[in-house]
Amino acid sequence: MLSFIHAGDVHLGNPFTGLNQNLSPDFQGNVQLATFTALDRLVEFAVDQEVDLVLFPGDLYHGSDNSPLIQERLTKALTQLDQAGIWSAISFGNHDFQQGQQVHPAWPDRVLVFGPAVETKTITTASGLKVAISGFSYADRQHRQSALPDFPVKQAGVDYHLGMYHGVVGQDGEKYAAFSLPDMVAKGYDYWALGHIHVRQILHRNPVVAYSGNLQGLNRNEDGEKGFFLVSDQDGQGLLPEFYPVAPVLWQRIQMRNCPDLATLQGQLNAYHWEQPTLVILELTGQVGPDIEAVARFGTLEESLQASRKSQSDYWPVKAQITPKALSQERPALPADVDLQAAINQVVQPASVGQWLSDQAPTFIRDYFYSKEGQADLAGRIYQDLVAGGQDED
């Protein structure tokens with residue numbers, strides 16, 4: 001049975017964004033080492049589970065930085081995998097495309113590095129399985145051409161054929177090696193390990209075409225658990241992914257309702273059970289006290305909560321805001337045979353979103369609308385426009 005790890009967008013050495021200079025010293029160490037710690041946890045898991053290989057489909061590095069610390073930590077991780085008999089396959093994406101032209105320490109024997117041209121490398125696992133891996137690295141940051149036409153169809157004479165692709169669903173000529181999902185599936189591979197989108201999602205199930213997301217959230221738009229997919233073929237059901245979280249620092253959205261005053265809010269945060277170091281995005285709903293409204297109006301709500309945080313607490317407020325009342329969720333009367341929301345949800349899918357987005361849209365906007373949250377937001381806005389649009393308000 002084949003088993004491997006799919007780990008996209010590690011972004012080694014990435015400096016978190018959205019944190020001010022007041023970050024507590026006890027959090028600074030966790031943040032500075034977060035991407036390295038996440039990689040170490042992946043390696044420990046891979047060795048413990050005796051997987052056959054680890055796929056890194058792009059943005060293993062955060063950028064062109066080839067610092068001794070980053071090289072030391074990466075070489076150590078790859079060497080540990082190699083010594084355990086585990087293969088590693090690396091391609092470079094839009095963030096680390098320059099790494100393909102830089103000098104690196106000698107890679108361990110069981111490391112496969114893909115160049116700018118699509119190529120297929122074949123390995124034999126410890127159990128004797130033959131596995132073909134096809135992939136490529138970016139030659140420039142935008143890579144405005146689909147690489148998919150250069151990928152061969154499934155190779156004959158192998159037990160499995162895996163694809164590594166750093167890109168987005170879209171039209172050929174768009175940024176980030178935009179590809180067609182049907183064309184990808186038509187290659188006949190057993191699994192496609194995608195990179196670039198920092199949200200784990202499965203675009204196709206048979207075979208699986210999936211983004212594993214990133215190992216560690218890097219800003220407040222990347223909240224929730226982050227990690228990798230363990231992919232295995234159990235009982236002849238095909239290669240199926242299972243998510244495992246490894247992020248040492250969690251970005252988490254918290255909603256609190258009807259806070260009467262700032263002291264109560266501060267007490268609730270300090271009393272909350274945080275399971276790991278957590279960067280908190282706080283949303284206050286319902287009624288809030290006048291002192292909360294006052295500090296929010298002056299833009300100092302986060303600073304007030306940071307100042308009142310107990311020393312060594314496992315949370316740090318990075319954003320706090322009062323959320324306006326949500327729109328009514330009641331639907332207008334519709335014909336009995338029409339489920340407008342279901343129809344919209346069926347249309348708002350990754351493939352269609354990729355076609356709608358302009359190639360001028362910044363990466364963070366594309367990433368948001370490829371996420372479940374972004375698609376739900378888009379579907380909700382379409383629904384509201386359709387049922388309320390064109391109606392004049394008195």
Side-chain angles (χ1 to χ4, degrees), residues 9-42 44 61-63 65 67-70 72-73 198-199 213-227 245-257 259-285 288-289 291-323 364 367 373:
D9 299 272
V10 179
H11 285 270
L12 279 180
N14 174 268
F16 285 19
T17 57
L19 299 179
N20 62 30
Q21 296 179 347
N22 298 327
L23 183 64
S24 173
D26 55 298
F27 256 79
Q28 289 176 0
N30 290 324
V31 167
Q32 290 170 353
L33 297 176
T35 56
F36 299 118
T37 303
L39 179 62
D40 291 343
R41 291 178 176 180
L42 179 153
E44 181 180 357
Y61 297 84
H62 178 63
D65 185 8
S67 72
L69 173 61
I70 293 176
E72 177 187 356
R73 297 296 292 260
H198 291 188
V199 179
N214 46 352
L215 293 189
Q216 168 63 59
L218 305 177
N219 56 64
R220 66 172 180 257
N221 292 322
E222 299 179 0
D223 57 303
E225 291 185 319
K226 298 291 182 177
V246 292
V249 178
L250 184 68
W251 297 77
Q252 184 173 348
R253 295 184 182 276
I254 298 291
Q255 281 195 350
M256 291 188 175
R257 183 172 178 81
C259 292
D261 52 55
L262 193 56
T264 300
L265 174 58
Q266 293 166 338
Q268 289 176 332
L269 285 173
N270 284 323
Y272 195 91
H273 176 65
W274 307 98
E275 296 183 354
Q276 67 183 93
T278 304
L279 299 169
V280 178
I281 304 102
L282 179 63
E283 298 176 354
L284 302 177
T285 64
V288 297
D291 58 343
I292 296 177
E293 287 187 340
V295 292
R297 186 165 53 251
F298 285 109
T300 58
L301 180 54
E302 295 97 27
E303 288 82 354
S304 297
L305 296 175
Q306 290 166 0
S308 65
R309 166 185 172 268
K310 288 183 179 179
S311 178
Q312 304 300 314
S313 296
D314 281 335
Y315 81 95
W316 182 259
V318 295
K319 178 70 175 178
Q321 62 182 3
I322 301 173
T323 304
F364 74 92
D367 289 351
E373 177 187 4

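Taking CZ of Phe27 as the reference point, atom CD of Gln312 lies at 10.0 Å (rounded to 0.5 Å). The CG atom of Leu215 lies 12.5 Å from the CZ atom of Phe36; values are rounded to the nearest 0.5 Å. For the atom pair OH of Tyr315 and NE2 of His273, the computed distance is 15.0 Å after rounding to the nearest 0.5 Å. A distance of 7.0 Å separates CG in Leu250 from CD in Glu225, rounded to the nearest 0.5 Å.
Judged as a ring pair (Phe, Tyr, Trp, His ring centres under 6.0 Å), and not counting sequence neighbours, the contacts of His11 are His62, His95, His198. Taking Arg41 as the reference, Thr37, Val246, Pro248 meet the side-chain contact (heavy atoms from CB on, under 4.5 Å) condition, with sequence neighbours excluded. With sequence neighbours left out, Phe16 forms a ring pair (Phe, Tyr, Trp, His ring centres under 6.0 Å) with Trp251. Applying the side chain to side chain donor-acceptor pair (under 3.5 Å) test to Thr264 and every residue at least two apart in sequence or in another chain returns Asp261. Take Arg253 and apply the side-chain contact (heavy atoms from CB on, under 4.5 Å) test, not counting sequence neighbours, and it matches Asn221, Asp223, Ile281, Glu283, Glu373.
By the 4.5 Å heavy-atom criterion applied to side chains, Leu282 and Leu269 are counted as neighbours. Side-chain contact check for Gln216 versus Val249: some heavy-atom pair is nearer than 4.5 Å. For the pair Leu284 and Leu265, the minimum side-chain heavy-atom distance is below 4.5 Å. Taking 4.5 Å as the limit, every side-chain heavy atom of Tyr272 sits out of range of all side-chain heavy atoms of Val280. Contact annotation: the side chain of Leu305 never approaches that of Arg309 to less than 4.5 Å [non-hydrogen atoms, C-beta and beyond]. Residues Asp40 and Arg73 meet the side-chain proximity criterion, which asks for heavy atoms closer than 4.5 Å. In this structure, the side chains of Asn219 and Leu19 stay at 4.5 Å or more apart for every pair of heavy atoms.
Side-chain N or O atoms of Thr285 include none that pairs as donor or acceptor with a backbone N or O of Thr323 at under 3.5 Å. Looking at Trp316, its side chain never comes within 3.5 Å of a backbone N or O of Pro277 through a donor-acceptor pair.
Closest approach of Gly13 and Ile70 over heavy atoms only: CA-CD1, 4.3 Å. Residues Gln306 and Pro317 come closest through the heavy atom pair NE2-O, 2.7 Å.
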Side-chain donor-acceptor distances from residues 293-302 under 3.5 Å, at least two apart:
| from | atom 1 | to | atom 2 | distance (Å) |
| --- | --- | --- | --- | --- |
| Thr300 | OG1 | Val295 | O | 3.3 |
| Glu302 | OE2 | Ala320 | N | 3.0 |

Does Thr35 form a side chain to side chain contact (heavy atoms under 4.5 Å, CB included) with Leu218? I'd like the steps, not just the answer. CA-CA 9 Å; Thr35 56; Leu218 305 177; 4.2 Å; yes
